[in-house]
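Okay, structure first, notes after.
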Amino acid sequence: MPELPEVETVMRGLRTAIEGHKIVHVTLNRHDLRWPFPANLREEMLNQRVVSFSRRAKYILMRLENKWSVLFHLGMSGRMLIGSVGQNEPPPKHEHVIIESEEGVRIGFVDPRRFGAIDLIRTADEASHPLLTKLGLEPLSSKLDGPVLQEMFATKRHTPIKTALLDQRYIAGLGNIYVCEALFKTRIHPERTASSLTEEEAHLLARNIQDILTTAIASGGSSLRDYVQSDGTRGGYQDLHLVYGREGEACRQCSSTEIQRLIQSGRSTFYCPSCQK
DNA sequence: AAGGGCACCTGCGAGC
DNA sequence: TGCTCGCAGGTGCCCT
């Protein structure tokens, strides 16, 4: 589900809701998601003040006063429901973890498909967490530019550009929606080989990736099925999708061609065969 | 060594 | 109405 813009939106919501708060209740409705929770998860969170939040690729880090950081990944269907302690609404299905603050804020981690993950790491060792060490460049970093992109993919003479952009070891944070959108905007066919990008194309692609992500964050992300922002409202970027999820509909650029769908590495790619060569 | 396929799950909409 | 199928914002691992 959530790609970088959605994770960034969720992280900002959490920051606004409970940064500085003291965690006084932690409810674990199960002991695992994708992996077992660390045995000391509840114990290390309890009675700690939340110091800060950050995001690395599609991961959220919550730093605690005791120098432990809680690592969250939302998988395909993870959400963070923000509410008030003592609210009378029945708890939603698949609410696996509930965190409550002394100040009265209630965070529910809901994840129907359970592809999400929660882990604990010493704040000082965050960067060496096994799930974070192999991650590539943050796409919104100023380091991402044409030459870097071209260099990164220079030897990828067999990998389609679509597949290469989804590989988190190169650029970390892009997912299926934003890769499709970025390739469309740059007019690059998704089956082109990653090493075939010209200098000009690499330059434009880098710029378009950053533009699209920035606009998507400003829109609160893309709401397809169940994703909502922390205030419960939907994101707005799905209305700006030019190709993703538009198979069979007219291309918004050339209007003379229907958007096609193809499968690459087992995942749908949406593109316009006329605009993307 | 890189790349493809599978696995992990639940829910929803389309089609019969 | 109710079934089955295909599909879904991800990613680690096993196999070639």
Side-chain angles (χ1 to χ4, degrees), chain A residues 1-11 29-37 55-60 71-80 92-96 109-119 129-136 139 152-183 190-191 193-195 209 212-213 215-217 219-229 234-248 261-270:
Chain A
M1 118 19 78
E3 305 182 32
L4 188 150
E6 293 77 36
V7 177
E8 177 71 20
T9 303
V10 168
M11 186 275 290
N29 287 327
R30 49 184 306 128
H31 64 282
D32 63 6
L33 282 171
R34 185 163 183 185
W35 297 290
F37 295 156
R55 178 193 57 73
R56 171 73 174 110
K58 300 171 193 169
Y59 293 88
I60 293 171
L71 181 75
F72 295 98
H73 194 282
L74 303 177
M76 287 281 271
S77 59
R79 302 160 57 186
M80 292 287 186
K93 255 182 119 173
H94 309 296
E95 189 175 54
H96 308 306
F109 188 167
V110 177
D111 183 12
R113 294 179 72 182
R114 305 206 301 273
F115 293 167
I118 302 180
D119 203 2
H129 191 286
L131 292 172
L132 304 185
T133 48
K134 284 168 289 180
L135 292 174
M152 190 178 268
F153 295 148
T155 62
K156 313 236 72 169
R157 290 181 295 117
H158 302 290
T159 312
I161 183 65
K162 159 77 188 313
T163 307
L165 290 172
L166 280 177
D167 189 331
Q168 306 291 300
R169 292 171 302 177
Y170 298 95
I171 299 176
L174 297 178
N176 212 22
I177 294 177
Y178 298 103
V179 164
C180 291
E181 296 298 318
L183 287 174
E191 288 177 309
T193 209
S195 64
I209 285 170
I212 287 169
L213 293 179
T215 306
I217 291 170
S219 312
S222 298
S223 287
L224 299 187
R225 278 152 288 277
D226 48 11
Y227 166 79
V228 285
Q229 300 177 76
R234 288 158 58 83
Y237 197 75
Q238 67 282 356
D239 299 332
L240 301 178
H241 293 174
L242 298 178
V243 285
Y244 186 85
R246 301 193 63 246
E247 182 186 16
R261 183 169 75 99
L262 64 87
I263 304 294
Q264 293 180 284
S265 309
R267 315 207 45 201
S268 289
T269 300
F270 298 88

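Per chain, numbering begins at 1; letters A, B, ... match sequence-line order. Only this structure's heavy atoms are used, side chains among them; waters, hydrogens and symmetry mates stay out. This is a predicted model, so every value here is computed, not measured.
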Calculate the interatomic distance between [X] atom [atom1] and [N] atom [atom2]; express it in whole Å.
| X | N | atom1 | atom2 | answer |
| --- | --- | --- | --- | --- |
| A:Asp111 | B:dG11 | CG | P | 11 Å |
| A:Lys134 | C:dC13 | NZ | C1' | 10 Å |
| A:Asn176 | C:dG10 | CG | P | 6 Å |
| A:Leu132 | C:dG12 | CG | C1' | 14 Å |
| A:Met76 | C:dG12 | CE | P | 14 Å |
| A:Leu224 | B:dT10 | CG | P | 21 Å |
| A:His94 | B:dC12 | NE2 | P | 9 Å |

Worksheet item: When you match A:Phe270 and A:Leu131 each to their closest nucleotide on DNA chain C, which lands nearer the 5' end?
Response: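 This one resolves to A:Phe270.
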
Worksheet item: So what does A:Tyr59 touch, heavy atoms closer than 4.0 Å: a base, only the sugar-phosphate, or nothing?
Response: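 If one applies the 4.0 Å heavy-atom cut-off, A:Tyr59 turns out to touch the sugar-phosphate alone, with no base involved.
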
Worksheet item: Taking the six-membered ring for Trp, are A:His73 and A:Tyr59 ring centroids under 6.0 Å apart?
Response: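 Ring centres of A:Tyr59 and A:His73 closer than 6.0 Å.
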
Worksheet entry | A:His129: partners by ring pair (Phe, Tyr, Trp, His ring centres under 6.0 Å), with sequence neighbours left out |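 With neighbours one apart ignored, the set is empty.
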
Discussion item. Using the P atom as the point on both nucleotides, what is the distance between B:dC9 and C:dC3, in whole Å?
Written reply: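 It comes out at 24 Å once rounded to the nearest Å.
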
Discussion item. Say we look at B:dG5 and C:dC7: how far apart would their P atoms be, to the nearest angstrom?
Written reply: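 Going atom to atom, P in each nucleotide, I get 15 Å.
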
State whether [X] places a side-chain N or O below 4.0 Å from either non-bridging phosphate oxygen (OP1 or OP2) of [N].
| X | N | answer |
| --- | --- | --- |
| A:Lys93 | B:dG11 | yes |
| A:Arg261 | C:dC7 | yes |
| A:Lys58 | C:dT11 | yes |
| A:His73 | C:dT11 | yes |
| A:Gln168 | C:dT11 | yes |

Item to complete: Going 5' to 3' through nucleotides 2-9 of chain B, assign each nucleotide B (protein heavy atom under 4.0 Å from a base atom), S (under 4.0 Å only from sugar-phosphate atoms) or - (no protein heavy atom that close).
Response: -SS---BB

Fill in: Under 3.5 Å on both distances, the Watson-Crick or G-U partner of C:dC3
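Result: B:dG15.
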
Practice prompt. Mark yes when over 12 heavy atoms from residues, nucleotides or ligands other than A:Arg30 sit less than 6.0 Å from its CZ; otherwise mark no.
Written response: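 Atom CZ in A:Arg30 is packed in, count exceeds 12.
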
Side chains of [X] and [Y] in contact at under 4.5 Å (non-hydrogen atoms):
| X | Y | value |
| --- | --- | --- |
| A:Asn176 | A:Lys162 | yes |
| A:Val10 | A:Pro2 | no |
| A:Ile60 | A:Val7 | yes |
| A:Val243 | A:Glu181 | yes |

Worksheet item: What nucleotide, of C:dT11, B:dG11, C:dA8, holds the atom closest to the side chain of A:Ser268?
Response: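 Among the listed nucleotides, the one closest to the side chain of A:Ser268 is C:dA8.
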
Worksheet item: Mind checking whether A:Tyr237 and A:Tyr178 have parallel, tilted or perpendicular rings, split at 30° and 60°?
Response: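 It falls in the tilted class, 30° to 60°.
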
